[in-house]
Each structure stands twice: as structure tokens, then as C-alpha cells.
Amino acid sequence: MAKMTMVQALNLALQQEMAKDDRVILLGEDVGVDGGVFRVTDGLIDTFGKNRVLDTPLAESAIAGMSIGMAIYGLRPVCEAQFSGFSYHCFHQLENHAARLRWRSQGRLSVPMVLRAPYGGGVRALEHHSESREAYWAHTPGLKMVIPSGPRNARALMVSAIRDPDPVIFYEAKALYRAYREEVPEEEETLPIGQSQVIREGKDLTMIAYGAMIRPTLEAAEELRASDGVEAEVIDLLTISPLDDSLMVQSLTKTGRAVVVHEAPRSFGPGAEIVSRLMEGAFFYLQAPIARVTGHDLIIPYFSREKWFVPSVQRIVAAARNTLAL
Amino acid sequence: MAKMTMVQALNLALQQEMAKDDRVILLGEDVGVDGGVFRVTDGLIDTFGKNRVLDTPLAESAIAGMSIGMAIYGLRPVCEAQFSGFSYHCFHQLENHAARLRWRSQGRLSVPMVLRAPYGGGVRALEHHSESREAYWAHTPGLKMVIPSGPRNARALMVSAIRDPDPVIFYEAKALYRAYREEVPEEEETLPIGQSQVIREGKDLTMIAYGAMIRPTLEAAEELRASDGVEAEVIDLLTISPLDDSLMVQSLTKTGRAVVVHEAPRSFGPGAEIVSRLMEGAFFYLQAPIARVTGHDLIIPYFSREKWFVPSVQRIVAAARNTLAL
Amino acid sequence: MPRQNLTVTDTIEELSILDDLGNLDKDLEPQIADEQLLKIYRTMLLARRFDERMLDLQRQGRIGTFPPIKGQEAAQLGAIVHLLPDDWFVQAFREVAAELWRGRSMESILLYFNGFNEGAILPEGQRDLPLSIPVGSQVLHAVGLGWAANYRQKKEVVMAFFGDGATSQGDFHEGLNFAAVYQTPTVFVCQNNGWAISTTVKQQTHTPTLVQKALAYGMPGIRVDGNDILAVYAAAGEAVERARNGGGPTFIECVTYRLMMHTTADDPKRYRTDEEVETWKKRDPLPRFTNYLLNKGTATAQSLDDLEAQVLQEIQTAVERAEAQMKELSDPLAMFDHLYAELPPYLARQKSDLAEEIAANGKEVQHG
Amino acid sequence: MPRQNLTVTDTIEELSILDDLGNLDKDLEPQIADEQLLKIYRTMLLARRFDERMLDLQRQGRIGTFPPIKGQEAAQLGAIVHLLPDDWFVQAFREVAAELWRGRSMESILLYFNGFNEGAILPEGQRDLPLSIPVGSQVLHAVGLGWAANYRQKKEVVMAFFGDGATSQGDFHEGLNFAAVYQTPTVFVCQNNGWAISTTVKQQTHTPTLVQKALAYGMPGIRVDGNDILAVYAAAGEAVERARNGGGPTFIECVTYRLMMHTTADDPKRYRTDEEVETWKKRDPLPRFTNYLLNKGTATAQSLDDLEAQVLQEIQTAVERAEAQMKELSDPLAMFDHLYAELPPYLARQKSDLAEEIAANGKEVQHG
Ligand SMILES: Cc1ncc(C[n+]2csc(CCOP(=O)(O)OP(=O)(O)O)c2C)c(N)n1
Ligand SMILES: Cc1ncc(C[n+]2csc(CCOP(=O)(O)OP(=O)(O)O)c2C)c(N)n1
Ligand SMILES: [Mg+2]
Ligand SMILES: [Mg+2]
């Protein structure tokens with residue numbers, strides 16, 4: 001197994017799926033010759049040619065809308081919004097069409113496409129380049145919303161997303177692109193979309209996070225063990241929608257206390273749904289209010305202040321202690 | 001006081017504000033000569049002329065983007081998306097610009113615009129004409145999201161929205177447009193944006209709803225009194241964002257039980273945020289899990305099946321009894 | 001340079017063959033076999049009568065809102081008849097004549113407009129997309145389909161329909177630009193029917209024609225009398241051939257007119273005069289086509305009467321079948337089918353909750 | 001009709017006055033007062049040196065990512081200098097030369113690109129919009145501003161800048177269409193710098209020019225050598241006059257070149273050759289302008305040396321001031337200011353939570 005960054009792991013997934021399946025087509029702004037502004041598609045145009053990797057004109061609605069047409073035809077387009085902050089330009093194409101066509105045609109037609117987009121803070125980027133608004137997609141019936149948390153699951157989930165029969169919005173945390181390397185097997189690996197994972201076992205507290213928030217959450221869990229002797233169970237959602245609430249509810253029946261962590265603004269954010277599912281699934285086990293550790297209900301500030309917007313290890317630990325009445 | 005439908009009440013609000021303030025400009029598809037497809041702007045082009053009421057070309061992004069420019073200049077544009085299902089075409093203009101400009105310019109510039117859109121089911125409409133996706137806007141910091149529940153508060157909130165210094169998304173329930181008439185005073189009336197109202201007092205159960213869901217919720221409350229002797233308190237949100245959680249939390253500390261009702265799909269919907277605020281604000285008073293009575297996590301079906309998607313009095317009563325362990 | 005006018009290389013054209021006074025330009029007359037002519041005529045007549053019948057049904061509350069096509073039959077049929085079974089038909093929402101030609105059943109159309117999702121089901125393998133109500137949005141799907149056909153090296157053509165109003169949408173611009181950049185085999189058929197609900201074309205754009213917008217994409221364009229079945233046929237035939245032979249996309253502006261309301265929920269008296277409608281009635285494509293066939297000897301008064309009777313009978317049968325079907329289609333739980341290939345657990349829970357609700361309340365629920 | 005070519009009424013032109021070999025077309029030379037010429041030149045030089053300095057600062061990690069403008073100064077200044085204080089300047093994100101002309105301070109530019117919201121604050125009452133990073137989106141704001149100016153019967157002009165890539169966006173299309181329909185006093189300045197990050201103009205559109213897109217809107221268009229300050233000046237002058245006198249919008253395509261990387265995060269070697277860059281360096285607008293002034297006798301080698309020294313000193317002072325300011329601007333709570341005119345209760349709670357967090361952790365927090 002080779003040690004890879006998330007960028008390399010995603011590149012591997014794309015490269016292998018393209019080699020295996022000539023229905024897989026990449027398209028987007030600068031995904032070809034430039035290899036994508038983060039190099040996720042690096043080298044793929046050399047391997048597969050201009051007919052498999054399209055450097056499109058600058059128009060997100062067309063990129064998504066054209067992908068819908070390709071998918072209807074029977075191809076497997078993987079298109080890119082250069083940053084999630086520019087994916088709203090094609091929101092109507094996804095909501096009005098991609099999310100609905102299977103249902104509208106009662107199964108005759110389908111839209112097996114993937115929309116990739118880098119999201120979140122942590123790379124000192126310009127405005128509109130650091131948002132985390134996965135809830136927009138998660139609240140849209142007919143779409144699937146996936147966010148990996150590291151190189152290995154990013155690779156496996158990307159393969160699954162490409163093979164998924166329905167449209168998948170695939171957010172990639174910029175903060176993780178090159179943050180660390182992880183063993184990624186050369187041989188094929190997939191992960192089921194719609195299933196979360198327990199990535200740390202514990203009996204005292206349930207911590208739920210995803211994407212770039214997994215690392216600070218795990219660090220917070222370590223800190224809680226070290227300084228408070230608390231054993232926190234950590235759940236990585238991996239798929240935001242369809243949301244898998246089974247593991248989190250199970251865990252809560254054991255721990256009675258939970259903290260939900262995300263980078264998105266709090267109000268009407270993903271954490272609210274998680275809180276509601278937990279309350280619906282395990283109300284009588286709850287020993288304390290479920291804490292939401294999130295970005296503020298603000299536009300993410302320019303990068304000099306960003307670290308005070310994105311949840312920090314300290315913010316998570318403080319919320320956990322509060323929940324544990326420590 | 002004249003008895004008016006919501007359509008007439010909204011028309012009155014627009015007419016009076018336009019007469020009072022020449023900064024108020026209406027624009028949208030068919031809002032002029034046709035008076036809007038629901039007649040909300042009926043007659044205004046005759047009163048105020050083509051220069052105050054613009055029948056625009058068919059392009060929502062331009063309607064919103066042009067409104068942003070007008071608002072920056074110092075006007076008070078009130079633009080329309082003919083149906084909320086087509087407002088996604090301008091989502092990027094609202095999120096990228098309208099929601100941010102005051103903050104970006106640190107108060108130098110602002111975007112006092114209103115985006116009106118009919119939403120929700122109940123009028124046997126075609127596809128894309130019956131959605132209820134207010135959560136998209138409510139999750140967007142910098143925007144305000146308002147949904148009136150009747151002729152009188154629709155009129156008052158529209159006046160407040162037009163005068164509001166920040167961008168307001170104003171959803172109008174098609175199901176209420178002509179559902180009933182209500183006394184609406186000729187003289188000016190406003191309602192503060194960001195404040196909910198207790199519209200029915202009770203000690204046993206807190207019911208939270210807004211827009212078209214207020215009527216079935218009130219009927220359910222009556223039914224609960226009649227058949228179960230339950231006194232339900234009903235809160236009308238009126239503003240979805242910024243969400244006023246004070247009254248609902250207060251009420252819950254009294255009742256210990258709550259039901260949240262909306263037409264939008266459940267997952268990642270407005271109800272999730274309300275549940276979370278209640279749990280954060282009154283956890284130790286909770287005697288039962290908070291129930292969410294909502295649309296299903298589906299695209300709203302074509303109208304022959306619509307009544308089984310939108311929450312009914314029966315669905316609300318059943319959920320309430322469940323919450324009350326009756 | 002230093003200062004000179006720029007001349008644009010692409011040319012745009014205008015075409016009319018059979019004018020509203022019945023004058024025929026023999027040199028331009030396309031050669032169409034009698035059989036095909038009659039098949040086209042039959043579909044035009046069927047579409048016309050079906051449209052009229054749907055209006056009655058809607059007024060009687062037997063179906064919901066729908067957009068009448070009366071007056072636009074030639075613009076649709078002159079173009080669609082060039083498609084082969086493996087070609088793709090991408091519609092807006094006012095293409096019933098084209099849909100009937102492609103073989104969509106009147107039953108399914110009635111189901112659709114009476115609020116049954118089953119009405120959107122297409123025959124297996126049929127290369128048509130369902131209605132696209134969001135104006136202009138379908139243009140992009142046609143480009144994607146065309147790109148895919150090229151990628152598969154199939155000689156398939158994609159025909160996309162949209163209205164004059166759609167040309168103002170960003171998706172129209174992005175779509176035509178992509179089509180030209182990728183030289184997709186896409187024929188863009190704009191039904192310029194004079195109105196976008198209450199909005200005139202003059203309010204829609206500052207240009208005297210819509211076809212000249214093709215110049216912004218380096219795409220050939222042609223503007224035809226959309227009520228002249230022969231002109232539409234000739235222009236669309238060329239465009240389809242060009243597309244099929246690797247010549248890329250074409251923009252066709254069909255100048256026609258919506259003789260009825262925008263939809264049955266609309267009242268045109270609010271925004272246009274009867275005079276305008278009357279003048280356009282004189283340009284009605286159906287009698288024009290009728291006279292052409294009679295003059296040509298392809299049809300006789302008698303044969304047309306028989307045809308009329310057949311068509312009405314067909315419609316009557318379809319209405320009866322559709323109304324019978326609707327009675328069978330009441331199961332609300334069907335709304336949970338086909339959102340995803342597989343039903344996720346939380347949706348399965350919602351489905352069983354609804355099943356309980358139905359069991360508890362039967363067919364009766366109130367919404368206040 | 002019956003079949004004929006359609007001729008489009010609007011004309012589009014090409015213009016060049018001072019070519020890259022220094023040849024001047026005397027007949028077309030705009031008459032610009034020496035004082036104004038020197039002011040323009042000074043701004044061009046300042047913009048050039050400031051751009052170079054920002055690149056150093058970025059490489060030293062003293063500011064964040066920014067988009068260099070080198071090579072595009074003439075395209076910006078030739079146009080912007082026609083605006084009066086009450087006119088509106090609507091920028092994209094690569095218009096530092098135009099911004100400096102409008103009086104934005106280098107300090108605020110440095111603050112902005114080093115991640116301080118304070119860097120987006122404009123002088124009170126200044127009729128400029130801040131950067132607009134979402135490509136093409138600002139075009140619509142310029143139309144709304146122009147409409148409002150007409151509504152108020154002010155003779156104000158709005159100038160909107162955008163790039164070649166922006167012409168593919170739906171917002172560009174919708175914006176130019178609305179501008180033409182409402183005849184807004186908007187001048188659309190397209191800086192065609194040959195590239196949209198790694199994408200060429202050929203990949204962006206199938207048309208040989210961008211200016212011909214004006215024909216889709218019934219708008220006059222002119223294509224100028226964007227590295228020729230005199231040509232841009234002349235074309236923009238006419239457009240601004242037309243707009244100011246009720247003549248409506250104009251589309252100007254300035255053919256220029258981005259000599260540096262797209263942003264400091266970009267590596268142009270991945271997608272373009274040094275040869276291409278070298279040929280364009282020969283067309284650099286700055287030396288062209290310099291020689292013009294020297295030939296004209298408006299400047300001397302000596303006066304230009306003095307100017308160079310002044311400009312460098314100004315930049316040095318600005319950098320020092322900005323870096324001092326940044327030290328003062330550390331308060332994270334400022335992020336809660338100005339989201340709404342009033343801070344809603346739940347945001348006030350979040351603000352005090354953050355205040356506690358800061359108190360508890362000082363400047364140190366980890367993000368794993
Ligand atoms: C994106 C979008 N905006 C608004 C509407 C509402 N609407 C339905 S049809 C229509 C007018 C369409 O005009 P045109 O494109 O000329 O087609 P026609 O109705 O004349 O066939 C409008 C505004 C819509 N369906 N989609
Ligand atoms: C809507 C949107 N999509 C993508 C991007 C990412 N992006 C920033 S600049 C750029 C290229 C812009 O090219 P052009 O319009 O020619 O302007 P230039 O950079 O050449 O000045 C892209 C794709 C963006 N900022 N906005
Ligand atoms: Mg039309
Ligand atoms: Mg460029």
C-alpha cells in the first residue's frame with residue numbers, strides 16, 4: 001500500500017474508474033491541462049485524452065446541466081464546481097432536474113452523476129472559497145451528499161459515488177487535501193454510501209462529526225481521556241444524506257450524552273437534523289442537552305480571523321465538558 | 001376595516017408603500033400588465049406606471065441581480081420569483097452578494113431588497129410549483145426569511161420587509177392567497193421581523209408552525225381540546241430566520257411537550273432547528289420527544305396525491321396525542 | 001485596423017415557402033411523399049382536436065392546468081418529423097403535437113395534467129425527455145445528450161424545443177455556447193409564439209429577431225415562418241442533416257403564435273387584444289396545410305372528413321381509458337417509489353407512517 | 001423572403017491607434033491634456049510597481065493569494081479615467097489599476113489580500129463596488145445601478161469590468177440583455193486577457209471574437225487593442241458619452257494579456273509556453289505608453305526617473321502603514337459586525353460565546 005494525500009487518493013479513484021469504465025467522463029473548469037486547481041485530476045487528460053477530460057467554458061450551470069444530459073444518455077459524468085461557493089450557480093439544475101428525473105420518469109431515466117466540490121476553510125483562501133453549506137444539498141430529496149474525512153475513505157467513497165445510480169454531491173475538505181498521508185491500497189476499495197462509521201469507541205460520550213471536523217474531534221476525544229478520563233465514542237458520518245442515524249442512536253443509548261461538530265453555520269445546519277434524529281431515536285436515554293459545536297451563523301470571515309470561526313479542539317472540548325457537567 | 005384575501009392584503013401593502021416611498025420598485029415576470037399570475041401586483045402598473053413596475057425578461061438571476069444593483073443605489077426593489085421553485089436560478093446572487101454586501105463593506109453598502117415568492121402546495125399546480133424549501137434561505141447568514149400566515153400579518157410583514165435595511169426572502173403560501181378574508185386596517189400596520197407570536201394559549205402542549213400550516217395546526221388544537229381536553233399553545237413563527245426562539249422556549253418550560261409542523265421535507269428542514277433550539281433552551285423541562293409533523297423527504301407529488309404529502313389535521317393530532325402519550 | 005467594421009462570418013437566413021395566402025414557392029417546395037404528408041397532417045389534426053378537448057376537460061374540472069398549443073402545430077411537426085427513433089427529443093412544456101408524433105399516448109398526457117406521476121412515464125427505451133417546466137433549463141440536457149452521442153460515435157441527433165422567453169435565460173446562453181464549442185449534434189428549435197405569458201418579445205430582447213443570437217455562438221441560424229409547415233420542414237431537415245453529418249448545432253427561430261391562453265390558469269384578455277389574435281388566426285397553420293394538400297390532390301374533402309371522424313373517435317377512446325385508469329391509480333404510497341434506486345431506511349419509516357395514517361383515516365384528511 | 005440572408009443592423013468595430021511598434025495613427029489620436037496624460041501614466045506605473053511588490057510580499061508570506069494585473073493596466077485605465085466621481089465602478093477582481101485611479105488606498109488592498117475584512121471598506125460615499133469574485137455575477141449589479149440612475153434622471157454612468165471567461169456565464173447574458181432592454185447607461189468592459197486560468201478563449205467560445213456577442217443584444221460593440229492606452233481611451237470615451245447622453249449600453253472588448261500567473265496559487269507553466277508570454281511582453285502597454293510620452297515630449301527620461309522613485313517610495317510607505325495596521329486589527333469579534341443592521345439575539349449569544357472562548361484560550365487554538 002502506498003501512502004497518499006487525499007488529493008492523490010481521489011486522483012487514484014478517478015484514474016482507476018476511468019480505466020475500468022469508459023462511461024466515466026470528467027468535466028469542469030481547468031480539470032484538464034491544469035489538472036484542477038488542487039490537482040485532484042492531475043495527469044488524467046494525458047492518460048485518457050481530451051474526450052474523457054473536458055476543460056469546459058466557465059459556466060457551472062452548463063457543467064451540471066450538460067452532465068445531466070450525459071448521465072441520461074448512459075454515461076457517468078464526474079463534474080466539478082471549482083469551489084463549493086460557486087456550486088449555487090447550478091443549484092437549479094440539481095434541484096429541478098438531477099434530483100427528480102428518476103422519480104419523475106418512475107424509474108425509466110436516471111442521473112448517475114457526481115458533482116465534486118472543494119469545501120471548507122483552512123487554506124487562507126479568498127472570499128467564497130471557504131464555505132461549508134452541505135445542508136443545502138442534504139435538504140434536497142433525490143440527491144445524495146457525501147463528505148469523506150481522509151485519503152482512504154475519500155478514495156473508497158469516490159469509487160462508490162461514481163458507481164452510484166443516483167446523483168451524488170461530493171464535498172472535499174480543502175483542509176484535508178494535503179494535511180497528511182494515509183495508506184491507500186492499490187486494489188479496489190469501496191464504501192457504502194449512506195452508512196456512518198464508529199471510528200473511536202467509548203462509553204461516556206458520543207461525538208458526531210464528518211469531513212475536516214473529524215481530526216479536531218478525535219483530538220478533543222484524546223484530550224478528554226487524558227485530562228478528564230472520559231471515553232468518547234466518535235462517529236464519522238461520511239454520508240450526510242441519506243443520513244444514517246442507526247449508529248448514532250445506538251451510541252447515544254449507551255452514553256446518554258452527545259456533541260455534534262460541524263464547520264457549517266449552526267442555524268438550520270446539519271447538526272440540527274442530527275440532534276433531532278437523536279432525540280427521536282433515544283430521547284429517554286438523554287442525560288444532557290446535545291451540544292452543537294459549529295461555525296457561527298455568519299459568513300466565514302476572511303482568513304486572518306478564520307480560526308475563530310471554524311470549531312477548534314478547544315471549542316469541542318469545552319462543549320463536551322459542559323455536556324458531561326464537568 | 002375591509003375584509004381582504006391575502007392577495008388583496010399584499011396588494012394593499014405594496015400599493016401604500018409605493019405611494020409613500022418612490023424608492024420602492026416592483027420587478028419580475030408578468031408583475032405589470034398581468035398583475036402577477038396570482039394578481040398580487042394587480043393594478044399597480046396602472047397606478048404607478050412602467051417606471052415603477054417592471055415586466056422583466058424571463059431571467060430570475062437577472063431579476064435578483066438587478067435588484068441588488070438597484071438596492072445598492074438606494075432604491076427599495078421588491079422583486080418576484082413567479083414560484084419559489086424557480087428562485088434557485090438566483091440562489092447564487094442572493095448567497096454570493098445580497099447576503100454579504102453589508103458585511104463585506106463593513107456597513108458602507110447594503111441591499112434592502114425583498115424577494116417575493118409563492119410557495120407550498122394546495123392549488124392543484126403543475127410540477128415545481130408547490131415546493132416549500134424555506135430552509136435553503138434560512139441557512140444563509142445575511143438573509144432574512146419571512147412567511148406570513150394570513151391576510152393581516154401578510155400585509156404588516158410586507159410593509160416591514162420593504163422597510164427592512166437588509167435583504168428579505170418573503171414566501172407567500174399559495175394555499176392562503178384566497179383561502180379566506182380577514183379584517184385588514186386601511187391605516188398603516190407593521191410587524192417586527194424576527195418575532196414570533198403566541199396565537200393560542202395553552203398549558204399542556206406547545207405547537208409551533210408558520211405559513212399555510214397555521215390553519216391545520218389551529219384546527220388540530222381545537223380537536224385536541226374537544227376530544228382530549230388538551231389545551232395546546234400555538235406559536236406562529238412569522239419569521240423563519242433570524243429565528244426567534246424566546247417564546248417557544250418559554251412555552252415549552254410550561255408545557256414540557258412540543259409538536260413542530262411544516263410542509264417542507266423533514267430532513268434538514270426548519271423543524272430540525274426548532275427542535276434543537278428547544279432542546280438547548282428547555283431540555284430539563286422536556287417530558288417527551290418533540291414531534292416533527294412535516295412533508296415527507298420526497299419531492300412533493302403531482303397534485304392528485306398532494307394531500308398525503310402536506311401535513312393534515314389528522315397527522316398533527318396523531319402526533320400530538322403520541323407526544324402526550326394519549 | 002486601425003478603425004474598421006468587423007464583419008461576422010456566420011450567416012443567418014430567413015425562409016418562407018407556403019405563405020398565409022396559400023402562395024407556394026415551387027422552387028423551395030420540399031419533396032415529401034404523400035404518405036408522409038398525410039401522416040404529418042393526421043398528427044396535426046389530432047393534436048389540434050386533442051388540445052381543444054383538453055380545454056373542455058379542464059373547464060369541466062376533469063383535468064388540471066395545462067398549456068394549450070393551438071397555432072403552434074406546424075412549428076413542432078415540421079421539425080420533429082426529421083427525428084429517427086434513436087434520436088433524442090428534448091421538450092419544454094408546450095410540445096404536445098411533437099409528443100404525439102413521437103408516440104406518447106394521449107392517456108399519459110391526460111394522466112400527467114390531472115396530477116398523476118404515472119403520466120410522466122415514457123415507453124421503455126423511448127429517447128424522449130419528459131416535460132421541462134423550468135424555462136430554458138432543458139437546453140443544457142440536449143447539449144449533454146449530443147455530446148454523449150458524439151462520444152459514442154453514433155450519428156444521433158438531439159432536438160431541443162423552447163420558447164422566445166427562454167432565450168433570456170442564462171441556461172439558453174450557456175447551452176448554445178457549449179453546443180458550439182463542442183459542436184454537438186443539437187438542433188435548437190425556438191418556438192417564438194410572440195408571448196411569454198404576458199410579456200412580448202419586444203420586452204424580452206432589444207434585438208429585432210431572435211435568430212441573430214446565433215451570431216454570439218458562431219452557429220448557423222435560420223428564421224422561418226413557423227406556421228408554414230413546408231418552411232419549418234425544409235429548415236429543420238437541413239439542420240438535422242448538418243447535425244447528423246458532424247456539422248454541429250443550428251438555431252432555428254420559428255415565428256408562430258399562441259392562439260390560446262398561456263395555460264388554462266391564464267387570462268390573455270388582460271394583456272393582448274382580440275384584433276391581434278384575429279390577425280394570427282388568419283395565419284393558422286392547419287387550414288394552410290389543408291389547402292396545400294387539397295391543391296396538391298393529396299387529400300379530398302371526403303378523405304379529410306373521414307380523418308376528422310377517426311381522430312375524434314380516437315380522442316374519445318383515450319379520454320375514457322384515461323379516466324378509467326385514474327380510478328385505479330389512487331395509491332398514495334406510490335409517491336415513495338423511484339426517488340432513489342433504493343429506498344433509504346428513514347424513507348421506509350416515513351412510508352410506513354403514511355401507510356398507518358391512511359389506514360387510520362381512509363381517504364379523508366383535512367388541511368384546514 | 002422567401003429565402004434570403006438576414007442582415008443585422010448593429011455594427012461592431014475594431015480599433016487600434018498606437019501599435020506595439022510605436023506607430024501612431026495621427027488622425028485617430030485622442031486629444032488628452034498633458035496633465036491628464038501624466039496622471040494616467042503615473043497611475044499605470046504605480047499599479048505596475050505595486051503589483052510587483054505585492055508578488056514579493058506574497059512570496060514572503062506577508063500577504064495571501066492575489067491575482068496579478070501585470071499587462072492589463074492600459075485596458076483598465078483607458079476606460080476608468082472617463083468616469084466622474086458620481087459614476088459607478090463595478091469591478092471583477094483583477095482591476096487594481098482602475099481601483100488606484102478611483103482612489104482606493106494601497107493599504108486597504110493589502111489588508112484585503114491578507115485576510116482582513118477591513119480591507120473591503122470603501123471611502124464613505126465612494127461609488128465603487130468591492131471585488132466580485134463570482135465570475136460574471138457583478139455584471140447584473142451594474143445593470144441595476146444603471147437602471148436606478150436612469151430612474152433618478154441622473155446622468156451617471158456605470159462601468160462594469162469582467163474577463164473573457166465571464167462571457168460564458170449566464171449572468172453575462174442576462175445582464176447584457178437587460179441592459180439593452182432597459183437601455184441602461186452601462187459600459188461593459190471585457191478584459192480579454194487570453195486566459196481564464198488555464199482555459200483559452202478558443203475553448204471558451206466558438207466565435208472568433210467576443211465583441212460579436214453584442215449582436216445578440218442589439219448593442220453597439222467595439223474591439224480594441226487593450227494594450228494601446230489611446231485606443232482604449234478613445235473607445236471608452238465614446239461609450240461613456242453615449243451612455244451619459246441616453247444612448248444606452250456598449251460592449252467593449254479589450255484584447256490584452258495576463259503576463260503573470262492567474263493568482264499567486266497558479267502555475268502558468270502547466271498550460272502555456274514561455275514563447276507566448278514573451279511575444280506578449282513585446283506588446284506591454286507600459287513601455288508603449290512611455291515611448292508615446294517621450295516622443296510627444298510630455299515626459300523626459302529624467303522626469304520619468306523621478307516619478308519612478310516617488311512611486312516606489314509611496315508603495316514602501318503604504319506597505320509599512322498596512323503592516324502596522326494589521327497588528328491592530330486582530331479582534332476576532334469584529335466578524336460579528338455588519339452581518340445585519342442589527343445583531344439578532346442568537347448571534348449576540350454566539351458572539352459572547354466566542355468572547356469567552358477567546359478569554360479562555362487567548363490567541364491559541366488548534367484545529368487538528
Ligand atoms: C425558470 C422559470 N421561471 C418562470 C417560470 C414560469 N413560466 C412558465 S412558462 C413562462 C413563460 C415562457 O415563455 P416562452 O419561453 O416564450 O414559452 P411559451 O410559454 O410561450 O411556450 C413562465 C414565465 C418557469 N416555468 N420557469
Ligand atoms: C462563478 C465562478 N466560477 C469559478 C470561479 C473560479 N475562478 C476564479 S477566476 C476564474 C477565471 C476567470 O477568467 P476571466 O473571466 O477571463 O478573468 P481573468 O481571471 O482572466 O481576469 C475562475 C474559473 C469563480 N471565481 N466564480
Ligand atoms: Mg413564447
Ligand atoms: Mg481572462
Side-chain angles (χ1 to χ4, degrees), chain A residues 22-23 25 27 51-52 54 56-75 77 89-90 92-93 95-113 141-144 164-167 193-194 239 241-246 277 280, chain C residues 88 90 117-134 136-152 154 156 158 160 169-171 173-179 181-182 184 186 334-347 349:
Chain A
D22 73 356
R23 297 173 304 169
I25 304 292
L27 63 156
N51 213 23
R52 298 282 305 276
L54 280 64
T56 67
L58 208 172
E60 288 74 15
S61 184
I63 290 165
M66 186 175 175
S67 297
I68 290 169
M70 292 171 163
I72 293 168
Y73 191 94
L75 303 181
H89 286 67
C90 57
H92 62 288
Q93 281 291 338
E95 197 286 335
N96 289 171
H97 293 291
R100 294 169 179 252
L101 198 59
R102 175 188 294 280
W103 180 86
R104 297 184 67 221
S105 68
Q106 298 283 291
R108 287 286 194 286
L109 303 170
S110 62
V111 186
M113 68 181 276
L143 298 182
K144 298 183 178 182
D164 197 273
D166 289 304
I193 288 175
T239 297
S241 175
L243 181 63
D244 169 19
D245 52 29
S246 56
R277 296 281 186 106
E280 284 156 9
Chain C
W88 289 85
V90 178
N117 289 63
E118 290 80 356
I121 304 177
L122 303 159
E124 196 62 75
Q126 177 111 0
R127 297 186 132 188
D128 301 350
L129 301 196
L131 275 74
S132 174
I133 289 177
S137 58
Q138 72 280 6
V139 167
L140 291 164
H141 311 154
V143 177
L145 288 165
W147 188 93
N150 274 352
Y151 174 70
R152 288 305 189 193
K154 294 282 171 60
E156 297 155 358
V158 185
Q169 281 285 10
D171 282 355
H173 173 70
E174 297 185 12
L176 269 71
N177 186 49
F178 272 56
V181 165
Y182 294 110
T184 62
T186 321
M335 72 172 81
F336 284 87
D337 302 340
H338 303 297
L339 181 69
Y340 298 101
E342 285 175 24
L343 195 68
Y346 69 94
L347 266 174
R349 294 202 297 265

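All chains are named by letter (A, B, ...) in the order of the sequence lines, taking the proteins before the strands, and each is independently numbered beginning at 1. Note that the structure is a prediction, hence the values are computed from the model and not measured.
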For a 4.5 angstrom cut-off between non-hydrogen side-chain atoms, does L129(C) reach L109(A)?
yes
Once the angle between the rings of W88(C) and Y73(A) is folded into 0 to 90°, is it parallel (under 30°), tilted (30 to 60°) or perpendicular (over 60°)?
tilted
Quick check on the interface: out of V158(C), V90(C), V143(C), L131(C), who has the most heavy-atom pairs with chain A under 4.5 Å?
L131(C)
Side chain, backbone, both or neither: which part of R100(A) has a non-hydrogen atom closer than 4.5 Å to chain C?
neither
Under a 4.5 Å cut-off applied to non-hydrogen side-chain atoms, are Y151(C) and M70(A) in contact?
no
Would you mind checking which part of N117(C) comes under 4.5 Å of any heavy atom in chain A, side chain (CB onward), backbone (N, CA, C, O), both or neither?
both
Counting N and O atoms only, with roles assigned by atom type, does the side chain of Y340(C) sit under 3.5 Å from a partner on the main chain of W103(A), one being a donor and the other an acceptor?
no
Between atom CZ of R104(A) and atom CG of L339(C), what is the distance when rounded to the nearest 0.5 Å?
13.5 Å
Main-chain N/O of A341(C) paired with D166(A) side-chain donor or acceptor, under 3.5 Å
yes
Tell me which of these, R152(C), E118(C), R127(C), has more heavy-atom pairs under 4.5 Å with chain A than the rest.
R152(C)
Between G142(A), S246(A), G194(A), A59(A), the one whose heavy-atom pairs under 4.5 Å with chain C are most numerous:
G142(A)
Using a 4.5 Å cut-off on heavy atoms from C-beta on, say whether the side chain of H92(A) contacts that of D171(C).
yes
Locate the shortest heavy-atom distance separating S61(A) from L140(C); write the atom from each residue and the value.
O-CD1, 3.4 Å
Is L75(A) in contact with chain C via its backbone, its side chain, both, or neither, using a 4.5 Å heavy-atom distance?
side chain
Select one option (side chain, backbone, both, neither) describing which atoms of P165(A) are under 4.5 Å from chain C's heavy atoms.
side chain
Does any heavy atom of chain C fall under 4.5 Å from the side chain of D164(A), the backbone, both, or neither of them?
neither
Nearest 0.5 angstrom please: E174(C) CD to T56(A) OG1, how far?
10.0 Å
Measure I25(A) against the heavy atoms of chain C and call it side chain, backbone, both or neither at under 4.5 Å.
side chain
Check against side chain to side chain contact (heavy atoms under 4.5 Å, CB included), D245(A) and R349(C)
CA-CA 12 Å; D245(A) 52 29; R349(C) 294 202 297 265; 2.8 Å; yes
Give a yes or no answer on whether the side chain of Q93(A) reaches the backbone of S137(C) with a donor-acceptor pair at less than 3.5 Å.
yes
Top contributor to chain A contacts, counting heavy-atom pairs under 4.5 Å, from A179(C), A149(C), G170(C):
A149(C)
Taking the side chain as C-beta and beyond, is there a heavy-atom pair between L101(A) and P130(C) under 4.5 Å?
yes
Full working for side chain to side chain contact (heavy atoms under 4.5 Å, CB included) between I72(A) and L145(C)
CA-CA 7 Å; I72(A) 293 168; L145(C) 288 165; 4.1 Å; yes
N96(A) side chain reached by Q138(C) side chain, heavy atoms, under 4.5 Å:
no
So, the part of T239(A) with a heavy atom under 4.5 Å from chain C: the answer is neither
Approximate separation, where rounding is to 0.5 Å, of L54(A) CG and F178(C) CZ:
9.0 Å
Between M335(C), E342(C), H141(C), E156(C), who has the most heavy-atom pairs with chain A when the cutoff is under 4.5 Å?
H141(C)
Let me confirm one number: the CD-NE2 distance from Q106(A) to H338(C), rounded to the nearest 0.5 Å.
5.0 Å
Given that the side chain runs from C-beta out, which part of S67(A) has a heavy atom under 4.5 Å from chain C: side chain, backbone, both or neither?
neither
For chain C, which of I68(A), D244(A), L27(A) has the most heavy-atom pairs under 4.5 Å?
I68(A)
For N51(A) and N150(C), what are the C-alpha separation, side-chain angles and deciding distance, and is it a side chain to side chain contact (heavy atoms under 4.5 Å, CB included)?
CA-CA 10 Å; N51(A) 213 23; N150(C) 274 352; over 6 Å; no
Under 4.5 Å heavy-atom distance to chain A, tell me which part of P344(C) shows up: side chain, backbone, both or neither.
side chain
